A.B. asks: 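One structure, pasted below without further comment.
The structure displayed is predicted, hence computed values, not measured ones.
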Amino acid sequence: MAECPHLEYRETAGEQTFETARAYCAVADEFVQPMRADICTGRYGLAPSEDCEIYREAAETDQ
Amino acid sequence: MNAGYHDGEPVVVTAALTGGVHGKEANPNLPETPAEIGEAAAACERAGASVVHLHARRENGERAFSTDRFQQVADAVREATDDVILQHSTGGTAAPEDRRIEPIRTDPPPEMASLDMGPLNRYDHLTSENTRAFVDRLHDEMRERGIKPELEVFNDGHLNETLAFLDRSDTTDPPYLNLVFGGGTTSPPSPRRLLTHLDDVPDGAEVNVLGFGPHQLPVTTTSMLVGGHARVGLEDNVYYRQGEPATSNAQLVERTATVAEQLGRPVATTTEARSILGL
């Protein structure tokens, strides 16, 4: 898995608005930190299924 | 380090403008683009900062390590400021080592760059390893390029690592240590622990202190009281006080400058900072 299926790029969510679309986690329901976005995007060999506690908890819940 | 506030030694104030962890989602006033970072650096210089600690970001706020992007940031800062000292970050949890060297390959190179002295946990599954081999590799290239390392000491164990590094390396005098206080892998924040850390700092070293979040003001104030320097900025803390987001990096620098002056320590000019840091 390269990119997280829960990753979205949004310009607006709730009261937050940005000029450039930013990484948004549909599970956490919030914009994510730039460092975490590197996991979401699978950058540098990172994998959401291994490196993201939000993804892993959601996967366990789905099971 | 010197004896303390009664010596009246100038305080080197570093502004950590952007960082590599959070972004505008945490505080919309955090600068991310080269233009924003340049503007923030200029405001901080006017407020008393003699050093700016720099990270680079992509247009969407995500982390960037490329020489090209750091070049854009450095150019924007030099264009906007008078004489401020540039300190590039080489930190980068999970980023490949080859990418983490890129920030110090700008032309001209920065006068300073950070050098993390050991591992640091991030989130639940990431660690910034910072092996001794990588620390030495980074330092070798810094030395070749005439860059002064800012030794980032995240905890007591990193103090051991720093002492060993100073023994095996030929880094320039004075050693410049940055003691880090906060949560997670960093040193638990308290004035008493800061004073204990100082007992283990090698003679002749200059010491800077930073604290994350609500610890920024207490530990930097303690540092200035006992003769150390201070780093503040939105990288480390996005609030001015509890529940009140900071309006800018400069707002945090202005408060630090005021505290320093009240403690009888003038804020270092860039010329004084270069002398103190051995640049």
Side-chain angles (χ1 to χ4, degrees), chain A, chain B residues 17-37 54-66 69 73 89 91-102 116 120-129 184-185 212-213 234-238 245:
Chain A
M1 179 174 62
E3 189 171 291
C4 180
H6 307 303
L7 172 65
E8 301 173 5
Y9 276 88
R10 295 188 183 183
E11 293 178 353
T12 301
E15 297 180 350
Q16 290 186 295
T17 300
F18 303 101
E19 292 181 3
T20 303
R22 300 176 72 93
Y24 182 91
C25 174
V27 174
D29 204 21
E30 62 185 16
F31 288 102
V32 301
Q33 293 182 332
M35 180 182 287
R36 186 178 292 282
D38 284 340
I39 307 175
C40 306
T41 55
R43 202 172 279 139
Y44 311 129
L46 295 169
S49 59
E50 297 292 329
D51 301 313
C52 179
E53 57 272 26
I54 300 169
Y55 177 95
R56 289 168 61 144
E57 288 174 15
E60 289 175 9
T61 302
D62 288 344
Q63 291 172 358
Chain B
L17 305 175
T18 302
V21 179
H22 52 263
K24 288 185 185 293
E25 81 291 341
N27 184 324
N29 300 314
L30 186 147
E32 293 180 339
T33 67
E36 289 174 343
I37 294 170
L54 302 174
H55 289 250
R57 301 292 187 88
R58 299 162 192 252
E59 285 300 315
N60 64 5
E62 293 175 16
R63 300 189 299 172
F65 300 97
S66 70
R69 195 59 169 172
V73 171
S89 172
T93 301
E97 293 182 353
D98 286 346
R99 302 297 292 273
R100 288 179 54 185
I101 290 181
E102 290 199 35
D116 295 350
L120 176 69
N121 288 338
R122 297 285 193 183
Y123 306 138
D124 285 1
H125 300 281
L126 301 185
T127 296
S128 184
E129 292 184 335
T185 312
F212 289 122
L234 294 173
E235 171 174 350
D236 303 333
N237 168 38
V238 296

A.B. asks: Using a cut-off of under 4.5 Å on heavy-atom pairs, state which of B:Arg58, B:Arg57, B:Arg99 scores highest against chain A.
C.D. replies: B:Arg58
A.B. asks: Any chance CD of A:Glu53 has more than 12 other-residue heavy atoms, nucleotides or ligands included, within less than 6.0 Å?
C.D. replies: yes
A.B. asks: By number, which residues in residues 16-23 of chain A have some heavy atom less than 4.5 Å away from chain B?
C.D. replies: A:Gln16, A:Phe18, A:Thr20, A:Ala21, A:Arg22, A:Ala23
A.B. asks: About how many Å separate CZ of A:Arg56 and CG of B:Asp124, when rounded to the nearest 0.5 Å?
C.D. replies: 8.5 Å
A.B. asks: Can you name the residues that form a side-chain contact (heavy atoms from CB on, under 4.5 Å) with B:Thr185, not counting sequence neighbours?
C.D. replies: B:Leu120, B:Asn121, B:Asn155
A.B. asks: Output the residues of residues 19-28 of chain B for which the shortest heavy-atom distance to chain A is under 4.5 Å, in residue-number order; output 'none' if no such residue exists.
C.D. replies: B:Gly20, B:Val21, B:His22, B:Gly23, B:Lys24, B:Glu25
A.B. asks: Is any side-chain heavy atom of B:His125 closer than 4.5 Å to one of A:Ile39?
C.D. replies: no
A.B. asks: Using modelled atom types only, decide if a donor and an acceptor are shared between the side chain of B:Tyr123 and the backbone of A:Arg36 within a distance under 3.5 Å.
C.D. replies: yes
A.B. asks: Measure distances from A:Asp38 to the heavy atoms of chain B and classify the residue's part below 4.5 Å as side chain, backbone, both or neither.
C.D. replies: side chain
A.B. asks: Tabulate, in ascending numerical order, the residues of residues 25-34 of chain A having at least one heavy atom closer than 4.5 Å to a heavy atom of chain B, or enter 'none'.
C.D. replies: A:Phe31, A:Val32, A:Gln33, A:Pro34
A.B. asks: Rounded at 0.5 Å granularity, tell me how far CD in B:Glu62 sits from OH in A:Tyr9.
C.D. replies: 3.5 Å
